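Worth saying up front: this structure is predicted, and the values here are computed from it rather than measured.
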Amino acid sequence: FPVTIEGYSLDDQERRGITYAKLHNLQWRVYKEQGSGADTERPGLLRLLNDILDGLIDSVWVVNKDRLSRADLDHNTYLQKLFQKHKVTLIENGSIQTFESPSDIMVDSIKASVARYVRDNIRRLVLRGKRMAKELGRTQAPQVYGYDFVYDKDKDKKVWVINEHE
């Protein structure tokens, strides 16, 4: 199930970006999509990158750069060079980056490394939790009509059994 953190839902991000654009008299286009920042082939991201290549965009606003990409560092370097070559400013929740200075590039690279670490660590912890739950006989599946998930003493774990009353 999707988890929404206050201010990070798609609607909140869109509202905040449009508010910023209006406040600074900027034209805007919304690239709205659901998906992981680890996926570099998202349709909205590809449209954005093509619009940058076509010279249609001079700035990109994001609540956090990992909304664009949490992929590998090669993809982050590609984004840095693309923004730099096409003179696109990244506005990350009000902070402006032009990628023209070594400091901008260094800070962005560090943030990208941290975002990648966080993503990989969350994945590792979730998989470990699922593995442990399975070993303990817990299920993450929804309740199945006609069955109960109960502890079996002989097997020393929970198992699915037919519920004769359903």
Legend entry - Sequence-distant partners of Asp54, side chain to side chain donor-acceptor pair (under 3.5 Å), two or more places apart: none

Inset, instruction - Sequence neighbours left out, what passes salt bridge (charged side-chain N to carboxylate O under 4.0 Å, His left out) with Asp154? Give chain and number order. - result: none

Legend entry - Nonpolar side-chain network containing Val30, other nodes, edges under 4.5 Å: Ile18, Trp28

Inset, instruction - Applying ring pair (Phe, Tyr, Trp, His ring centres under 6.0 Å), name anything that partners His24, two or more places apart in sequence or on another chain. - result: Tyr20

Legend entry - Set of side chain to side chain contact (heavy atoms under 4.5 Å, CB included) partners for Lys153, sequence neighbours left out: Tyr151

Inset, instruction - Could I get the full list of side chain to side chain donor-acceptor pair (under 3.5 Å) partners for Asn121, not counting sequence neighbours? - result: Arg124

Legend entry - Selection residues 83-92 - residue pairs positive for side-chain hydrogen bond (donor to acceptor under 3.5 Å, both in side chains), sequence neighbours left out: Glu92-Lys111

Inset, instruction - Applying side chain to side chain contact (heavy atoms under 4.5 Å, CB included), name anything that partners Asp104, two or more places apart in sequence or on another chain. - result: Gln97, Thr98, Ser101

Legend entry - Common cluster, Val114/Ile122, ILVMFWY with side-chain heavy-atom separation under 4.5 Å: yes

Legend entry - Contacts of Leu23 that satisfy side chain to side chain contact (heavy atoms under 4.5 Å, CB included) - sequence neighbours left out: none

Legend entry - Between CG on residue Leu90 and CG on residue Asp108, distance to nearest 0.5 Å: 7.0 Å

Throw together a table of side-chain donor-acceptor distances under 3.5 angstrom for residues 45-52, partners on residues two or more places apart or in other chains.
{"unit_1": "Asn50", "atom_1": "ND2", "unit_2": "Leu46", "atom_2": "O", "d": "3.2"}
{"unit_1": "Asp51", "atom_1": "OD2", "unit_2": "Arg29", "atom_2": "NH1", "d": "2.7"}
{"unit_1": "Asp51", "atom_1": "OD2", "unit_2": "Tyr31", "atom_2": "OH", "d": "2.4"}

Legend entry - Shortest non-hydrogen contact between Trp61 and Gln13, atoms and distance: CZ3-O, 3.3 Å

Legend entry - Set of residues satisfying salt bridge (charged side-chain N to carboxylate O under 4.0 Å, His left out) with respect to Glu14, sequence neighbours excluded: Lys32

Legend entry - Plane angle bin for Tyr147 and Trp160 - parallel if under 30°, tilted between 30 and 60°, otherwise perpendicular: perpendicular

Legend entry - Residues forming a side chain to side chain contact (heavy atoms under 4.5 Å, CB included) with Asp148, sequence neighbours excluded: Gln143, Val150, Val161, Asn163

Legend entry - Heavy-atom check, side chain of Arg128 versus side chain of Leu125, under 4.5 Å: yes

Legend entry - Heavy-atom closest contact (Ile91 atom, Ser59 atom, distance): CD1-CB, 4.0 Å

Legend entry - Side chain proximity check, Ile105 to Thr77, heavy atoms < 4.5 angstrom: no

